[in-house]
Colleague: 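The structure under discussion is supplied below as structure tokens; questions concerning it will follow.
Index from 1, following the sequence.
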Amino acid sequence: MKLIITRHGETKGNVKRILADIDDPLTLNGKKQAKALSERLKKEKIDVIFSSPLIRAKETAQIIAQNHPNTKFILVDELKEMKLGSSLNKRLDEIDWDLMPKDVENRTSLYERAKMIIEKVLEEYPRCTVLFVAHNAINKAMIRFLRKWDPEDRKSIPQGNTALSIFEISEKGCKEIIFNCKKHLG
């Protein structure tokens, strides 16, 4: 399976550097980013698009799907962003990432969710090209799983808006083809 992972386009929350509401839509720039990514993926044969149902990811996925009108499009809760609890709407510089409140989803839970969706999709679409359109933290959890890192690993994994990562997954293992590439943004 070829697995393409991308993050949604820019939102107001991203611009303000806050952990934003779940219904934070794309900015005009975010829509431009999604269109640029769609153009980059235009010639890619994508068999199925899985997206988080949250508006910013769904909008990004829908823009990409315009160049893939016959591709199956599925919204899945497993690709939703980390449950932020009392950290919701706080500025990034206000958050102590090592001492998260108990009502915030922990890294291990996020990792298990990432593992579950990847294994499910790998079982259902083993010889297909699959696109995941999701969010910063869940994408990082999926990358940790694919790289066989510990769920609690604190290594930095950049995730720019509409950044593209591509993995080839087979019985032999997982090969990283592209990581966090944003060349479509110029």
Colleague: Would you confirm whether Thr27, through its side chain, and Lys12, through its main-chain N or O, come within 3.5 Å as a donor-acceptor pair?
Modeller: no
Colleague: State, yes or no, whether a side-chain contact exists between Ile4 and Ile178 at a heavy-atom distance under 4.5 Å.
Modeller: no
Colleague: Would you name the heavy atoms of Phe145 and Lys115 that are closest together and state the gap between them?
Modeller: CE1-CG, 3.3 Å
Colleague: I would like to know whether Glu81 and Arg56 meet side chain to side chain contact (heavy atoms under 4.5 Å, CB included); could you show each step before the answer?
Modeller: CA-CA 11 Å; Glu81 183 56 291; Arg56 57 196 180 268; 4.0 Å; yes
Colleague: Answer yes or no: is there an ion pair linking Arg91 with Glu94, defined by an N-O contact shorter than 4.0 Å?
Modeller: yes
Colleague: Between His68 (side chain) and Lys43 (backbone), is there a donor-acceptor pair under 3.5 Å?
Modeller: no
Colleague: Any non-hydrogen side-chain atom of Phe50 less than 4.5 Å from a side-chain atom of Val133?
Modeller: no
Colleague: Supply the members, apart from Leu99, of the Ile/Leu/Val/Met/Phe/Trp/Tyr cluster built from side-chain contacts under 4.5 Å; use none for a lone residue.
Modeller: none
Colleague: Is there a continuous path of hydrophobic side-chain contacts, each under 4.5 Å between heavy atoms, that joins Trp149 to Ile143?
Modeller: yes
Colleague: Sub-3.5 Å donor-acceptor pair from the side chain of Ser38 to the main-chain atoms of Ile63, do we have one?
Modeller: yes
Colleague: Hey, are the side chains of His184 and Glu39 touching, using non-hydrogen atoms and a 4.5 Å cut-off?
Modeller: no
Colleague: Please confirm whether the backbone N or O of Ala163 pairs with a side-chain atom of Arg7, one donor and one acceptor, at under 3.5 Å?
Modeller: no
Colleague: Under a 3.5 Å cutoff, is there a donor and acceptor pairing between the side chains of Lys72 and Tyr125?
Modeller: yes
Colleague: Kindly determine whether Phe167 and Lys175 satisfy side chain to side chain contact (heavy atoms under 4.5 Å, CB included), including the steps that lead there.
Modeller: CA-CA 6 Å; Phe167 298 86; Lys175 181 179 176 187; over 6 Å; no
Colleague: Any donor and acceptor pair, going by atom type alone, linking the side chain of Asn139 with main-chain N or O of Thr6 inside 3.5 Å?
Modeller: yes
Colleague: When you measure from the side chain of Asp153 to the backbone of Asp150, do you find a donor-acceptor pair of N or O atoms at a distance under 3.5 Å?
Modeller: no
Colleague: So, His135 versus Ser52: side-chain donor-acceptor pair below 3.5 Å or not?
Modeller: yes
Colleague: Same cluster or not: are Val48 and Ile46 linked, directly or through other Ile, Leu, Val, Met, Phe, Trp or Tyr residues, by side-chain heavy atoms under 4.5 angstrom apart?
Modeller: no
Colleague: Are the side chain of Asp47 and the backbone of Thr129 linked by a donor-acceptor contact shorter than 3.5 Å?
Modeller: yes
Colleague: I'd like to know if the side chain of Ser51 reaches the main chain of Pro53, judged simply by a donor and an acceptor atom lying under 3.5 Å from each other, with no hydrogens or angles considered.
Modeller: no
Colleague: Counting C-beta onward and ignoring hydrogens, is there a side-chain heavy-atom pair between Glu176 and Phe179 closer than 4.5 Å?
Modeller: yes
Colleague: Please tell me if the side chains of Ser165 and Met142 come closer than 4.5 Å, counting only heavy atoms from C-beta onward.
Modeller: no
Colleague: Could you tell me whether Arg147 atom CZ has more than 12 heavy atoms of other residues or ligands within 6.0 Å of it?
Modeller: yes
Colleague: Are any non-hydrogen side-chain atoms of Phe73 and Gln62 less than 4.5 angstrom apart?
Modeller: yes
Colleague: I need the single residue from Asn29, Asn161, Thr60 that forms a side-chain hydrogen bond (donor to acceptor under 3.5 Å, both in side chains) with Glu10. Which is it?
Modeller: Asn29
Colleague: Is a side-chain N or O of Arg113 found less than 3.5 angstrom from the main chain of Lys80, in a donor-acceptor match?
Modeller: yes
Colleague: Taking side chain as C-beta onward, heavy atoms only, is Ile138 less than 4.5 Å from Met82?
Modeller: no
Colleague: Report yes or no: does Glu105 contribute a side-chain atom to a donor-acceptor pair with the main-chain N or O of Lys83 at less than 3.5 Å?
Modeller: yes
Colleague: State whether a side-chain donor-acceptor pair under 3.5 Å links Asn106 with Ser109.
Modeller: no
Colleague: Without hydrogens or angle criteria, can the side chains of Asp103 and Ser86 be said to hold a donor-acceptor pair below 3.5 Å?
Modeller: yes
Colleague: Go through Leu19 and Leu92 one step at a time and tell me if the side chain to side chain contact (heavy atoms under 4.5 Å, CB included) criterion holds.
Modeller: CA-CA 7 Å; Leu19 296 175; Leu92 295 175; 3.6 Å; yes
Colleague: Could you check if a side-chain atom of Val130 sits within less than 4.5 angstrom of a side-chain atom of Met1, using non-hydrogen atoms only?
Modeller: yes
